[in-house]
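Shown next, in structure tokens, is the structure this report addresses.
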2 protein chains.
Amino acid sequence: MSAAEQAGLRTGEVAEQAGVNIQTLRYYERRGLLAEPHRSNGGHRLYPPDTVALLNVIKAAQRLGFTLDEVADLLDAGRRRHPSPDLRERAIGKIAEIDQKIADLTTIRASLTEVVDARCDSLTNCTCADCPIPYLTIGTTRPSGDRA
Amino acid sequence: MSAAEQAGLRTGEVAEQAGVNIQTLRYYERRGLLAEPHRSNGGHRLYPPDTVALLNVIKAAQRLGFTLDEVADLLDAGRRRHPSPDLRERAIGKIAEIDQKIADLTTIRASLTEVVDARCDSLTNCTCADCPIPYLTIGTTRPSGDRA
DNA sequence: TTGCATCCGGTACCTGGGTACAGGCTTACC
DNA sequence: GGTAAGCCTGTACCCAGGTACCGGATGCAA
């Protein structure tokens, strides 16, 4: 059993297993998404094994359109055992955001399904001559009043 | 009735109504998201009125984590009356992506709800001492094999 | 103890999605 | 027809999120 096995994963291992760049690990550390890991005597980082899972979480959240700052918030909210009232507030806000996202995605999904199910395809000469923008409904439910 | 009324909206009007920058309109035009509008004799752009709605759609899709290229694809898919088989293929792919996004969002939502509902809050000294990463499940369902 | 793969910090660079500015022409209203 | 607001093209710049590169130090196995 080598020393590495009991001390943790090194950057290269984490990066490889999580499918991210080594530089990205250090970047996330700077951004506060990854806690500073332990170091070897020589100063090399040694990560706890669940870091890989955490990175997958981060990447998943990003794919959903959250910024790194937001991801940091989400992780923070989830991490604390007894969230402060403030944190609760923000979590509630995030839930509302998420609900909106889900609603929008559902609308887009429906539109795409129509395309695939050939609502227009088979009708070929689709009744809705001016059918150009099928996702229009999304626009009408946008979250905060943009319009004057 | 002025000439403008029958010819279309000018950039400033569209930008204002859609809540975007004028520069953004031209940027979208360059990127192919907005068709080149008609021009006045003097060369000023004159947009059809539904451009505003279209912009809202674009912005909504962006909030959901789609890139501009992807938005362009989505719009394209929705626009065609009789989609080519290829387009159908891509639409199907997008639907799968969207389903994944919805699933992930749902998971995150559930985790946040737990936080808000004080599953830990009231337990204060939460049983799950190592509860640190509640969204872990997301990572395990990530879309395409990242791992070697 | 040598040698190669890795890792270190620091800095520079890249892409996506915009945004700002300069210098000049149009529009619209008096 | 004068003039202010608005628009034109072109180019430069900005921010987020990474990536690449550099010169030097570590890790570890033979």
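Note that the structure is a prediction, hence the values are computed from the model and not measured. A, B, ... follow the sequence lines: proteins, then strands. Residue 1 opens every chain.
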query: Got a salt bridge between A:R45 and A:E29, using NZ or NE/NH1/NH2 to carboxylate O under 4.0 Å?
result: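 Yes, charged N to carboxylate O under 4.0 Å.
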field: Charged N-O contact under 4.0 Å between A:R63 and B:E97
entry: no
task: Could you encode protein contacts along nucleotides 3-18 of chain C as a string, one character per nucleotide from 5' to 3', using B for base contact, S for sugar-phosphate-only contact and - for no contact, with a heavy-atom cut-off of under 4.0 Å?
output: ---BSSB-------BB
Set of side-chain hydrogen bond (donor to acceptor under 3.5 Å, both in side chains) partners for B:N21, sequence neighbours left out: none
- prompt: Are any of A:S40's side-chain N or O atoms less than 4.0 Å away from OP1 or OP2 of D:dG27?
  reply: yes
query: Below 4.5 Å, heavy atoms only, C-beta onward: do A:R31 and A:D69 meet side chain to side chain?
result: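 Yes, close enough: below the 4.5 Å cut-off.
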- prompt: Do B:P49 and B:L9 have side-chain heavy atoms sitting under 4.5 Å apart?
  reply: yes
- prompt: In whole angstrom, what separates B:L25's CG from D:dG6's C1'?
  reply: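 Value for this atom pair: 14 Å.
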